[in-house]
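One structure below.
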Amino acid sequence: MKNIINAKKSGWTNISEDERKNIFNLAESYIEFLNKSKTEREASKNIIQKLEENGFQDITTQSKLNPGDKVYYNNRNKSVFAAIIGKNKLIEGTNIIGAHIDSPRIDLKPNAIYEDVKLALFETHYYGGIKKYQWTTIPLAIHGVIVKPNGEKIEINIGEDEEDPVFTITDILPHLAQKQYEKKIGEAVDGESLNILIGSIPFETSDSVKENILKILNDKYGIIETDLYSAEIEVVPAFKARDLGFDRSMVASYGQDDRVCAYTLLEALIDSANDNTYTNIAIFADKEEIGSYGNTGMYSSMFDYFVNMILTKTDSNFAGALTEVYCNSKMLSADVGAGVDPNYQDVSEKTNSSYIGYGVELNKYTGSYGKSGASDANAEYVAYVRDIFEKNNISYQVSELGKVDLGGGGTIAYILANKGMDVIDCGVPVISMHSPYEVTSKYDIYAAYRCYKAFFETAKKVNY
Ligand code: MN
Ligand code: MN
């Protein structure tokens, strides 16, 4: 009898020398990608550049599409869809993998610059689920765009170069923190105190520190204060992504949720065979961390628009075709899950948890409390996905986020499931998720790449 007990084991225990090399090589290029992709705009740009280097063309420039053609759609520089056209008609179904490229961070308010106690600061509004206390007293970098009324766009990136200055959010010294210590941890640092220190020298003639900062910004970028109305400036940790541990087995970095899945998805799509039966589609979404709203989030019709373009350009569009494509499609929602944290094990129910280094994580369902808001994959579809992993010898673990009544979460899975396709969550387990310094295992990163590639290269039907 073979393996009747599920013997969960670290993926590192049984790998070949070749596999180890592949794991470390992929992690190295992933770290490079992370260091130049700290915002959704930077990630989009780097994803499109890599797609173009590998023969993908802007779909809006193509009038007809044939099997093997590779296309992408740039959605407002903040989200990207890419596809390799398969041999089958689109209505017979597609293989879709969707990750997101936005991460929790701190945004500047439109009226950002102010002066107090002779210091200049930025007013901010945090984005996504952050533990605010984690963002004080660390080096911060400023990334984003400022668009002038005449359309001129100025790209900002300060704090990443060794030569650059950095920025920071201050915190109370322990000597005077008695009142802060008495607060609950979630209230110890409130949203309105996440102000970023940006200068301290007063302007020569007016004695205004704010004016001096505006003068510097005007000299360097040609902008005036109101230009920040039409800007998207994101403040992110200035740390670099690094190897973690004496054995260099892990990656520590900001923004791994969800660029770890986005990057492995990008590599998997590019490396997948382009004579596939089904059309393969990769989604790199924006706004997942704040509910997927807006025209760059997955709730928008932009993905329908992309699939409709493929239908039309492959001469297979008709009334109702889009719904038929979705009902016959299969999807992996490529998003991170929670790895068991050795310091905080009591939030995990260990029989149903994922461990870093044990392979990709499948979440049959997400949601909170009584599975509220869950996208629950059908058993038949879970079997379909298991079969791919097991045939390709890919390590996977099936888990939940954490203990039943402690909270919960979700991904873009349910949005696509609502369109009629089969969807399951499948990604990399992370420790310290949403913090300025998230931890992943290089073993799992490589496992994600292999599973996404295998998913794209599989041509069979779900056995309902
Ligand atoms: Mn995520
Ligand atoms: Mn997240």
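Ligands are counted one by one from 1 in listed order, and the atoms in each one are counted from 1 as well.
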Worksheet item: Rounded to 10°, how many degrees is the angle OE1/Glu289-the Mn ion (ligand 2)-OD2/Asp257?
Response: 140°
Worksheet item: Do other residues, nucleotides or ligands put more than 12 heavy atoms under 6.0 Å from the CG atom of Asp161?
Response: yes
Practice prompt. State, without any angle test, whether Asp422 and Tyr384 hold a side-chain donor-acceptor pair at a distance under 3.5 Å.
Written response: no
Discussion item. Under 6.0 Å between ring centres: does that hold for Tyr452 and Phe455?
Written reply: no
Discussion item. Any N/O/S atom from Asp258 (main chain or side chain) under 2.8 Å of the Mn ion (ligand 1)?
Written reply: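 It does not; every qualifying atom lies at 2.8 Å or beyond.
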Practice prompt. Would you name the N/O/S atom of Asp335 that lies closest to the Mn ion (ligand 1)?
Written response: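 Atom name of the closest N, O or S in Asp335: OD1.
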Fill in: Plane angle bin for Tyr355 and Tyr358 - parallel if under 30°, tilted between 30 and 60°, otherwise perpendicular
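Judged by the thresholds at 30° and 60°, the geometry between Tyr358 and Tyr355 is tilted.
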Worksheet item: Hey, is there an N, O or S on His100 sitting under 2.8 Å from the Mn ion (ligand 2)?
Response: no
